[in-house]
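Keep in mind the model is a prediction, meaning the values are calculated, not measured. What's counted below: heavy atoms across the whole structure, side chains too, no hydrogens, waters or symmetry copies.
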Amino acid sequence: MKLLLTAFDPFGGDSVNPALEAVKQVKDIIGDVTIVKLEVPTVFKKSVATVQAAIEREKPDAVLCIGQAGGRFDITPERVAINIDDARIKDNEGNQPIDTPIFPDGEPAYFSTLPIKAMVQSIKKAGLPSSVSNTAGTFVCNHLMYGVLYTLAKKYPNIRGGFMHVPFITSQILNRPSTPSLSLPDIVKGIEAAIDAIGLHLDDVKITGGKIC
C-alpha cells in the first residue's frame, strides 16, 4: 500500500509548522504502508493543485494531509470538510477569501474516507491524546481537505483520503501562556500510529466518537 503524506509549511507568523517537522521524521515504511511525503504551501488553491499533481504522479492508495491546530491539546483526525473558504487571516501569499465556495460544482461537504475512529484508537493505544474532530475550520486546512476529497470523488474513487490536525510543539508556546502542546517526537509517534491504522483498516471500527457540542 502506498500513502501520500502531506504537511503545510509555516504560516501565521510562526517559524515552524509542527505538521511539517513531524512528517519529515515519520518512517518511510510503516507495516505494509510505503509513505511518500509532500510539503504543501499554506496557500488557497495552490495547496490543492500541489496535492492533485502528486496524486496524479504517485497514484497512491490513500492520502493523509496533516495540519497545525494551535490550541488543541490532542491529535485529531477530521471527520468532514465543508465547501467554504472564510479566512480569518491571510494565507502565505496574501489571499483572504471570505464566504467563497471552494468548488462551485462540489457537494456542500465531503466526509473523510479514512478510518478516523480506528486512527484515534491507534493513537490512544500509543499513549497519546486523540479524538475525532468535527470541524477542520475554514482556512487552508479545510480548503485542502475539501479539495482532496473533491478530487478523489470526481477522479479517483478508489483512493481513500482525509486530514488530521496536530497541536503546537513546545517551542511554539513560549509566548503563548497556558496553550497546550505536544513534543515533536510524540506528534511523530501519533502520525505513525494513525498511518498504521490506515494500513490495517479498510473499513472504520464501530466505536463512539460523537460529541454533544
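- Looking at Pro60 and Ile55, their side chains come closer than 4.5 Å, going by heavy atoms from C-beta outward.
- Listed by chain and number, the residues in a ring pair (Phe, Tyr, Trp, His ring centres under 6.0 Å) with Phe103 are Tyr150 (sequence neighbours excluded).
- Using modelled atom types, one side-chain atom of Asn83 and one backbone atom of Ile102 make a donor-acceptor pair closer than 3.5 Å.
- Every pair passing ring-ring contact (aromatic ring centres under 6.0 Å, His included) that includes a residue from residues 35-63 is listed here, sequence neighbours excluded: Phe44-Phe139, Phe44-His143.
- The hydrophobic cluster containing Leu114 does not contain Leu149, counting ILVMFWY residues as joined when their side-chain heavy atoms lie under 4.5 angstrom apart, directly or transitively.
- Closest non-hydrogen pair, Ile75 versus Ile187, comes out as CD1-CA, 4.4 Å.
- In this structure, OG1 in Thr170 is found 8.0 Å from CG in Leu182, a value given to the nearest 0.5 Å.
- The two residues Gly71 and Pro180 have their closest heavy-atom pair at O-CG, 3.2 Å.
- Between the side chain of Lys117 and the backbone N or O of Ile207, at least one donor-acceptor pair lies under 3.5 Å.
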Take Asp61 and Leu3 through the test side chain to side chain contact (heavy atoms under 4.5 Å, CB included) and record every step on the way to the result.
-> CA-CA 6 Å; Asp61 300 291; Leu3 181 136; over 6 Å; no
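- Residue Leu144 is not grouped with residue Leu64 when hydrophobic side chains (ILVMFWY) are merged at heavy-atom distances under 4.5 angstrom, including chains of intermediate members.
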Check against side chain to side chain contact (heavy atoms under 4.5 Å, CB included), Ile198 and Met1 = CA-CA 10 Å; Ile198 294 169; Met1 174 183 174; 3.5 Å; yes
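- With sequence neighbours excluded, the residues forming a ring pair (Phe, Tyr, Trp, His ring centres under 6.0 Å) with Tyr110 are Tyr146, listed by chain and number.
- With a 6.0 Å radius and a threshold of 12 heavy atoms from other residues, nucleotides or ligands, Lys211 has its NZ atom above the threshold.
- Rounding to the nearest 0.5 angstrom, the gap separating the CD1 atom in Ile98 from the CG atom in Asp86 is 5.0 Å.
- In terms of heavy atoms, Gly162 sits closest to Ser112 at CA-OG, 3.7 Å.
- The main-chain N or O of Ile116 is found under 3.5 Å from a side-chain atom of Asp204 such that the two form a donor-acceptor pair.
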Should Ile169 and Ser183 be marked as a side chain to side chain contact (heavy atoms under 4.5 Å, CB included) after you check the CA-CA gap, both sets of side-chain angles, and the distance that decides it?
-> CA-CA 5 Å; Ile169 52 176; Ser183 71; over 6 Å; no
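- A distance of 10.5 Å separates OG1 of Thr100 from CG of Asn95, quoted to the nearest 0.5 Å.
- Here Asp196 pairs with nothing under the side chain to side chain donor-acceptor pair (under 3.5 Å) rule; sequence neighbours left out.
- For the residue pair Ala193 and Ala126, the shortest heavy atom distance occurs at CB-CB, 4.2 Å.
- For the pair Val51 and Val40, the minimum side-chain heavy-atom distance is below 4.5 Å.
- Looking at heavy atoms from C-beta onward, Tyr156 lies in side-chain contact with Glu56 at the 4.5 angstrom threshold.
- Grouped with Val43 in a hydrophobic cluster is no other residue, since no side-chain heavy-atom contact under 4.5 Å to another Ile, Leu, Val, Met, Phe, Trp or Tyr is found.
- Contact annotation: the side chain of Pro41 approaches that of Thr50 to within less than 4.5 Å [non-hydrogen atoms, C-beta and beyond].
- Ala194 and Met119 make their closest contact through O-CG, 3.7 Å (heavy atoms, listed as atom of the first residue, atom of the second, distance).
- Inter-residue side-chain proximity for Leu5 and Val63 is flagged as unmet; no heavy-atom pair is nearer than 4.5 Å.
- One hydrophobic cluster, built from ILVMFWY side chains closer than 4.5 Å, holds both Leu4 and Phe163.
- Sorted pairs that involve residues 182-213 and meet ring-ring contact (aromatic ring centres under 6.0 Å, His included), not counting sequence neighbours, are lacking altogether.
- Distance CG/Leu200 to OG/Ser122: 7.5 Å, rounded to 0.5 Å.
- Nearest heavy atoms, Ser181 versus Pro167: CA-CB, 4.4 Å.
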Side chain to side chain contact (heavy atoms under 4.5 Å, CB included) between Asp105 and Lys154, worked out = CA-CA 11 Å; Asp105 66 335; Lys154 296 286 187 181; 4.1 Å; yes
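- For the side-chain contact (heavy atoms from CB on, under 4.5 Å) test with Ile123, the passing option among Lys189, Glu192, Met164 is Met164; the others fail.
- For residues 129-142, the set of pairs meeting the side-chain hydrogen bond (donor to acceptor under 3.5 Å, both in side chains) definition, not counting sequence neighbours, comprises Arg72-Ser133, Asp74-Ser131, Glu78-Ser133, Arg79-Asn134.
- The other residues sharing a hydrophobic cluster with Ile173 are Phe168, where clustering joins ILVMFWY side chains under 4.5 Å apart.
- In terms of the side chain to side chain donor-acceptor pair (under 3.5 Å) criterion, residue partners of Glu58 (sequence neighbours excluded) are, by chain and number, Lys2.
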Counting only pairs under 3.5 Å, give me each side-chain donor-acceptor contact of residues 6-20, with atom names and distances, residues two or more places apart or in other chains.
residue	atom	partner	partner atom	Å
Asp9	OD1	Thr42	N	3.0
Asp9	OD1	Thr42	OG1	2.7
Asp9	OD1	Asn92	ND2	3.2
Asp14	OD1	Arg176	NH1	3.2
Asp14	OD1	Arg176	NH2	3.4
Asp14	OD2	Arg176	NH2	3.1
Asn17	OD1	Ala19	N	2.9
Asn17	ND2	Phe8	O	3.3
Asn17	ND2	Asp9	O	3.1

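- Side chains of Pro77 and Val120 form a contact here, defined as non-hydrogen atoms less than 4.5 Å apart.
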Which donor-acceptor pairs under 3.5 Å do the side chains of residues 25-38 make with protein atoms, sequence neighbours left out?
residue	atom	partner	partner atom	Å
Lys37	NZ	Val23	O	3.2
Lys37	NZ	Lys24	O	3.2
Lys37	NZ	Val26	O	2.4

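- Within a 6.0 Å sphere centred on NZ of Lys125, heavy atoms belonging to other residues, nucleotides or ligands number 12 at most.
- Sorted pairs that involve residues 60-101 and meet ring-ring contact (aromatic ring centres under 6.0 Å, His included), not counting sequence neighbours, are lacking altogether.
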